[in-house]
Every structure is written in C-alpha cells, then in structure tokens.
Amino acid sequence: MTPRRLSKQVTIHATAPLLLGEKSGMSNFEQTLDFIPGARVRGAVASRALEKCTQPAYKDNHAACPDRQSCPFWQLFGDDDIFFGNAYAGISGPVYPVPLTAHTCKYYAGIPEADSQSARDDAHGVWDTLVERLVHETLVDTQFPHRAEILPELGQRIPKLPAWAHKEICPKCGNAAQPASGYYMPGPPLASAGHVPISRRMHVGINRARFAAEDSLLFTQESLDTRGTNINFFAEVSAPEAKLDLLTQYLNGSHALGRGRSRGYGMVKIDMAGSRSDQDLPMRFARLQVAAEKALRAWLSEDKTANKPEKFSAQFFSLTLTSPAIFETFGRPILVPDAGEIGIPEAFLLRAWTKPVTISGWDVAAGLPRRTRQAAAAGSVFLFAVPAGLDVLPGLALLGENGLGEERARGFGQLQVCAPIHINSLRDFGRS
C-alpha cells in the first residue's frame, strides 16, 4: 500500500539579506536568484540533521554510515520521498511563476500593484492563451497532433474564423501583446505577488596570500532584502505522513540559506503550517473542458457548415511546472515528459510551451558540487488529451502530489494540474 502523503505550506521570513547566486568567480558582478530553490531548503534541513549525527567518524562520508536506522539524516532523506518546492516571494501564499502561455500588454505590462509603493497601478493585466491556442491551432492546422481524434467532424477542412481570430492584442487597449513573466498569486482575479527589493553592494577582493585588500579588484553582489516589507517566501513541501513530525522538528526555526553567512547574510525563519489538499482538482478539470468548448463555439461562430463541431471528442488536462523539471531519455536531456512517465497510458501530448534552463547545486552530505544539467524551466506548460469519458482524476491527483522527472526530492519537477490561471484569466471572446 502506498504511504499517505500530505502537502504543507511553508513560509520563509528573511531576517537578513539573501545572497542566492548560483555562480561564483565568473565575473565582477554576481546576480542573485529572486526565489529560494527547494534544494536550498532541503540542504538547510540536511545540515541540521547532520549536526545530530550518531556516528561522528562518518560525518565526512555519510553515505557509508552504518547506523542509518537511528540517524535523523537517513530517516528523512534515505528514501528521497520528501519533495521541497521552490519558495517564491509574495505578500501571501501560495505564489507561482507566470506560465509561458500567459501574455500581457506590450506597453502597460504586468498585473496592477496598487498597494506597492514602487509598482505601477496602470498595468493592463495578464491573461492566459492556452485554451485559445488549443482551439486556434486545431482549427487552422490540418497537421495538428491528433486533430482527427479530438475534432473528427472537421476532416481536412479549415473553417471560417472571426476577424479577431488571428490577432494577439491587449483586450484593454488594443495594442500589441507580449509574453508575460514574473510571479502571481492565484485568483480570480489574479493578484501581483509584489515587488522583491534587490540591493547591490560593491566589495573589495582580498588577496589570499597577503590577507589584505587587493588593488583594482572590485566586485558587486546582488542580494534580496525583504526586511521592513510585507514580502515573505512561500513554498510547498510534500512528504509521507509518517515523516511529518520529524520533518517539522528539523525544518521549523532559524536557518542559514545561501552565501555570505560570515558577513551576516542568509538568516531566515521557516514555519511549516497547515496541510494543503487538491480537493478542487475535479472542479479545475471540469472547468478546463467547459472553457475549451466555450472557446470552440466562439471561434466557429461565423462558420455556417452544417456539421461543424459543438464540442471536442476528447478531454484535456494541463501540467504547469512550478519549478524546473529534469527529463531525460537514454541519457539525453529533453524538454518534454515522456508520455509513459505521467502514468496515464491513454494520454497523448498535444502541445508544449517550454524553454531550457541550466541547473546546478551543492551536495551537503558529500561536500561536493553537483553536476550541471539541463531542465525545462518553471512556467513550462504541457497540454495533454485523453479519450472522452475516461476517468483520469486519480492519476492526475498522483501527478500533483509527486511531480515529474528526476531529482524531485531536491525541488525539481513540481507542478500544478489544470492550473486555474489557464481559465481564470481568459480574455472575453467576441472582441472586435
């Protein structure tokens, strides 16, 4: 029997600036990440667990520890079944990265942030295009994957579409649109996650032989400084129910994250709060089907063909990455999940919106850097279809709990199934 898993919301309050850069020594300007990777949180918990090591002789070679039964490190991480999601900054949780299918106005971009001192309140908002793209590409592309299965009435015919069908414009001002970026708090309506203050400081390099300031060696470091603001970092942690008490013991409290700890950087307080469930998954799944059929009827409103389709002959679901995902096939990195990996044999991939990102990391137990790998970026969206009437909700619930790809214990491959943003931010159809 599969152990019961629970998802918890984690709030991280920074009590000092955070240096979260992943590269060192590459130039005289070091950028910081604008989020806390799940791997960093996992490393902080691992460091605290290693402090309680029952076999000090194996502290530098913990993989050879002979006392794994009583070792808190191995009790927590021996099975790699605790998944730490990325922590994104916002006013309240949860916070998610904007998906790659989302668009915004080119001239008044983003979600209005009227409550922020430094934010613009004239932004025209963010809307999602997943459903529109599904309908548009199915109708106009006779080579669209599985077109004959999801709209068999069309055959090889391209129906007549409304005049607005091929326009990608801002629905508020009519100007050009562009891909959106950043983070959001789910709605409806969508809310801006807020502005994360980034500070820059210039430092003098130290000569390692003389232990004194080195001439002409200056470098600048970025850091996140949320002190004095209402911004915190929010993440989700999924773990077997039997491990939650031990995880809470080592996760809650003060930790040091990132670099610059000897200079006062990186101090945070972590609190793991109430459980999160996916009880609204059936509603999200059903709403996606309704949205797709509504869009289909709108796009075919001017087509007078007698046998034009009124609905799709398939069901759809989307997988939206909330953290980068590592996919490989025969040792070769890829940017889309293998159809067999999602655990629903009848599902077939229709479209993927994704881009590559390079990831690395540090192995706390081994004291060594991890190898650099390629992953699909957070915000990537994968759209699947299954035959109409098939009950896929149990499989989708498992996907939401477990994620996809490799290294999920380090925070990779976390996702939302049928994310509400794909429906809540739809533009009104029938615009001119």
Side-chain angles (χ1 to χ4, degrees), residues 18-27 30-47 50 61-63 73 76-88 96-100 181 183 222 233 235-239 257-259 319-343 349 351-382 384 399-416:
L18 302 178
L19 292 173
L20 299 172
E22 293 191 322
K23 295 181 180 180
S24 177
M26 300 299 293
S27 68
E30 297 182 4
Q31 292 180 298
T32 182
L33 300 173
D34 59 358
F35 65 95
I36 301 174
R40 300 285 178 95
V41 180
R42 184 178 190 265
V45 176
S47 295
L50 288 174
N61 184 20
H62 214 68
F73 175 86
L76 286 170
F77 303 112
D79 298 322
D80 275 344
D81 54 2
I82 301 178
F83 304 151
F84 294 84
N86 288 348
Y88 299 109
Y96 300 113
V98 172
L100 298 182
S181 60
Y183 305 95
E222 283 187 345
F233 295 85
E236 292 184 17
V237 173
S238 174
L257 299 177
R259 300 163 56 191
L319 305 178
T320 305
L321 296 182
T322 57
S323 66
I326 303 172
F327 303 122
E328 287 190 353
T329 177
F330 302 106
R332 178 174 59 88
I334 56 177
L335 296 181
V336 295
D338 181 83
E341 186 178 1
I342 66 173
L349 180 67
R351 275 295 308 268
W353 294 266
T354 184
K355 62 182 180 181
V357 63
T358 301
I359 59 172
S360 58
W362 184 264
D363 190 325
V364 172
L368 295 170
R370 297 181 184 271
R371 68 186 178 102
T372 300
R373 307 184 71 176
Q374 187 182 76
S380 296
V381 181
F382 309 104
F384 288 86
L399 277 173
E401 290 179 359
N402 299 325
L404 281 174
E406 302 181 23
E407 309 251 10
R408 284 172 287 167
R410 294 179 54 219
F412 298 107
Q414 305 304 298
L415 56 85
Q416 278 186 296

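What you see below is based on every heavy atom in this structure, not just the backbone, and it leaves out hydrogens, waters and symmetry mates.
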Scan for side chain to side chain donor-acceptor pair (under 3.5 Å) pairs involving residues 321-343, sequence neighbours excluded, and state none if there are none.
-> Glu328-Arg373

Mind checking ring pair (Phe, Tyr, Trp, His ring centres under 6.0 Å) for Phe233 and listing every partner two or more places apart, or none if nothing turns up?
-> none

By salt bridge (Lys or Arg N to Asp or Glu O under 4.0 Å) - contacts of Asp79 (at least two apart) = Lys243

Taking Arg42 for its side chain and Gly411 for its backbone only, find out whether a donor-acceptor pair lies under 3.5 Å.
-> no

Please report the C-alpha distance between Leu415 and Phe382 in whole Å, then the side-chain angles of each, then the deciding distance to 0.1 Å, and finally whether the side chain to side chain contact (heavy atoms under 4.5 Å, CB included) criterion is met.
-> CA-CA 10 Å; Leu415 56 85; Phe382 309 104; over 6 Å; no

With Thr32, which residues qualify under side-chain hydrogen bond (donor to acceptor under 3.5 Å, both in side chains), at least two apart?
-> none

Applying salt bridge (Lys or Arg N to Asp or Glu O under 4.0 Å) to Arg410 and not counting sequence neighbours gives Glu407

In sequence, state the C-alpha distance, the side-chain angles, and the governing distance for Phe84 and Val45, and then conclude on side chain to side chain contact (heavy atoms under 4.5 Å, CB included).
-> CA-CA 10 Å; Phe84 294 84; Val45 176; 4.2 Å; yes

Evaluate the side-chain proximity of Gln374 to Leu335: yes if any heavy-atom separation is below 4.5 Å, no if none is.
-> yes

Min side-chain heavy-atom separation Ser181-Val98 under 4.5 Å | no

Partner set under ring pair (Phe, Tyr, Trp, His ring centres under 6.0 Å) for Phe83, not counting sequence neighbours = none

Can you name the closest pair of heavy atoms from Ala235 and Asn86 and give their distance?
-> CB-O, 3.4 Å

